[in-house]
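Reminder, nothing fancy here: chain letters follow the sequence lines and each chain counts from 1. Quick caveat, the model's predicted, so the values are computed rather than measured.
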Number of protein chains: 2
Amino acid sequence: MAERTMHIPSGSVPPELACPITPVVELIFSRWTTAILWTLHRDGPHRFTELESHIATITPKVLTERLRALERDGLITRTYHPEVPPRVVYDITDLGRSLSPVFAALANWSDNLSDVERARRSFDAKRKRKRR
Amino acid sequence: MAERTMHIPSGSVPPELACPITPVVELIFSRWTTAILWTLHRDGPHRFTELESHIATITPKVLTERLRALERDGLITRTYHPEVPPRVVYDITDLGRSLSPVFAALANWSDNLSDVERARRSFDAKRKRKRR
DNA sequence: CTGTATCCCGCAAGATACTG
DNA sequence: CAGTATCTTGCGGGATACAG
């Protein structure tokens, strides 16, 4: 873990006081955004409906919200083609691509999910025993 | 970030269908948890009130909730010392420590936060221009 | 096709007060 | 000290309808 003292951006909310990476977390990991970034990163540019059907359970409203936020943050681009019917293509930016080491670290760690599962079962079992 | 809810995914069908790292994200990055894990990892074991005052803006109720969840997931330990007054010490586990590469990747990426800020200003400026 | 515009709800999170 | 117990609230996210 990095031991450096980092600048804490102003305008951030409470938890940052104790943890310098919280701003990054809150920036990147709002719900659905990893799915969107991951898709664009791995499979290239997508149109609105392509993303919609690929993520499957997201509603158009929420997808629009997330895409706007990601575009505003400079992580994806939105390209409008004035055709009939209109066509809009979303793609990941270099800034968005720079997240790949983060994603790789997360993907690596997913090996530990089974340990988490086991810990949960153990914890719940103990709780059940104490209850009765 | 994170589920932002690491708690039992409510009624919704999870986004991990489109993104394999989403489960990890939802596990680790619920609000406050990075601050807790970061603190325990960097500064060693802490008592309840030590965490409370270190994170400063968290309420005891929420801190308890997060600590329980992290304990259940096997990422931290809770040790009760039956003294007078009672003493409880929280510490990070090996499983929790194994998140270091993830945190390091995130800390590294925080250099890009300034780019995000710039992108936001640019985006907002464009919006303003179009509006009038 | 690519979105808005509304309305609505669950629940994480906050405030406050109290206890073994 | 280390938490519960209760009540309230903000808002992310869902459902539905509709528009350019």
Side-chain angles (χ1 to χ4, degrees), chain A residues 13-17 22 25-36 45-72 76-91 127 130-131, chain B residues 1-15 22 25-36 45-72 76-91 127 130-131:
Chain A
V13 260
E16 284 79 315
L17 298 175
T22 302
V25 170
E26 298 196 335
L27 171 72
I28 305 166
F29 300 122
S30 87
R31 195 167 158 79
W32 302 109
T33 55
T34 46
I36 295 170
H46 281 67
R47 302 178 59 174
F48 187 87
T49 35
E50 289 171 347
L51 286 170
E52 193 178 0
S53 63
H54 189 249
I55 302 183
T57 55
I58 197 170
T59 60
K61 175 204 156 197
V62 175
L63 180 56
T64 301
E65 284 172 0
R66 299 293 91 210
L67 288 172
R68 282 292 165 283
L70 288 170
E71 184 193 2
R72 185 170 107 96
I76 68 173
T77 58
R78 175 185 184 273
T79 311
Y80 177 79
H81 297 92
E83 309 166 356
V84 187
R87 186 166 56 93
V88 175
V89 176
Y90 293 94
D91 198 5
R127 224 175 51 90
K130 283 195 77 174
R131 281 197 147 207
Chain B
M1 135 193 35
E3 141 259 82
R4 210 9 94 132
T5 98
M6 72 193 273
H7 326 284
I8 323 309
S10 33
S12 55
V13 185
T22 301
V25 171
E26 298 197 336
L27 172 71
I28 305 167
F29 301 123
S30 86
R31 194 166 158 82
W32 303 109
T33 55
T34 46
I36 294 170
H46 280 66
R47 303 177 61 172
F48 187 87
T49 35
E50 288 171 345
L51 285 170
E52 194 178 2
S53 63
H54 190 249
I55 301 182
T57 55
I58 196 171
T59 61
K61 177 204 153 197
V62 174
L63 179 56
T64 301
E65 284 172 2
R66 299 294 89 213
L67 288 172
R68 282 291 165 285
L70 288 170
E71 183 193 1
R72 186 171 106 96
I76 69 172
T77 57
R78 175 185 185 274
T79 312
Y80 177 78
H81 296 93
E83 308 166 357
V84 187
R87 187 165 55 93
V88 175
V89 176
Y90 293 93
D91 198 4
R127 272 208 88 232
K130 285 193 78 174
R131 282 198 148 212

(request) For A:Glu26 and D:dC11, give me the distance from atom CD to atom C1', rounded to whole Å. (result) 14 Å

(request) Give me the bend of the helix from C:dC1-D:dG20 to C:dG20-D:dC1, using the axes of the five pairs at each end, rounded to 10°. (result) 50°

(request) Assess whether side-chain contact (heavy atoms from CB on, under 4.5 Å) is satisfied between A:Val88 and A:Thr79, documenting all intermediate values. (result) CA-CA 6 Å; A:Val88 175; A:Thr79 311; over 6 Å; no

(message) Given 3.5 Å as the limit, does a donor-acceptor pair link the side chain of B:Thr33 with the main chain of B:Ile28, or not?
(response) yes

(request) Would you kindly give the CZ-to-C1' distance between A:Phe29 and D:dG12, to the nearest whole Å? (result) 18 Å

(request) Report the distance from atom CD of B:Glu65 to atom P of C:dA15, rounded to the nearest whole Å. (result) 14 Å

(message) Please report the distance, rounded to the nearest Å, between CG in A:Leu63 and C1' in D:dG13.
(response) 13 Å

(request) For A:Thr59, check side chain to side chain contact (heavy atoms under 4.5 Å, CB included) against everything at least two apart and list the hits. (result) A:Lys61, A:Val62

(request) For B:Arg47, enumerate each residue passing the side chain to side chain donor-acceptor pair (under 3.5 Å) test, keeping only those at least two apart in sequence or located in another chain. (result) none

(request) Could you check how far CD of A:Glu83 sits from C1' of D:dG20, rounded to whole Å? (result) 16 Å

(request) Mind calculating the distance between CD1 (B:Ile58) and C1' (C:dA13) to the nearest angstrom? (result) 9 Å

(request) Write down the atom of B:Arg66, the atom of B:Arg31, and the distance for their closest heavy-atom approach. (result) CD-O, 3.3 Å

(request) Please round to the nearest 0.5 Å and tell me the distance separating atom CD of B:Glu50 and atom OH of B:Tyr90. (result) 12.0 Å

(message) Using the side chain to side chain contact (heavy atoms under 4.5 Å, CB included) criterion, which residues pair with A:Pro60? Sequence neighbours excluded.
(response) A:Phe48, A:Glu52

(message) Measure CG/A:Leu51 against P/C:dC1 and give the value in whole Å, please.
(response) 14 Å

(message) My understanding is that only residues two or more places apart in sequence, or in another chain, count here; which of them pass side chain to side chain donor-acceptor pair (under 3.5 Å) with B:Arg87?
(response) B:Glu83

(message) Give me the atom names and distance for the closest heavy-atom approach of B:Ile55 to B:Ile36.
(response) CD1-CG1, 3.7 Å

(request) Using whole Å, report how far CD1 of B:Ile36 lies from C1' of C:dA13. (result) 13 Å

(message) Using a 4.0 Å heavy-atom cut-off to protein, can you give one letter per nucleotide of nucleotides 2-7 of chain C, 5' to 3': B if the base is in contact, S if only the sugar-phosphate is, - if neither?
(response) SSBBB-

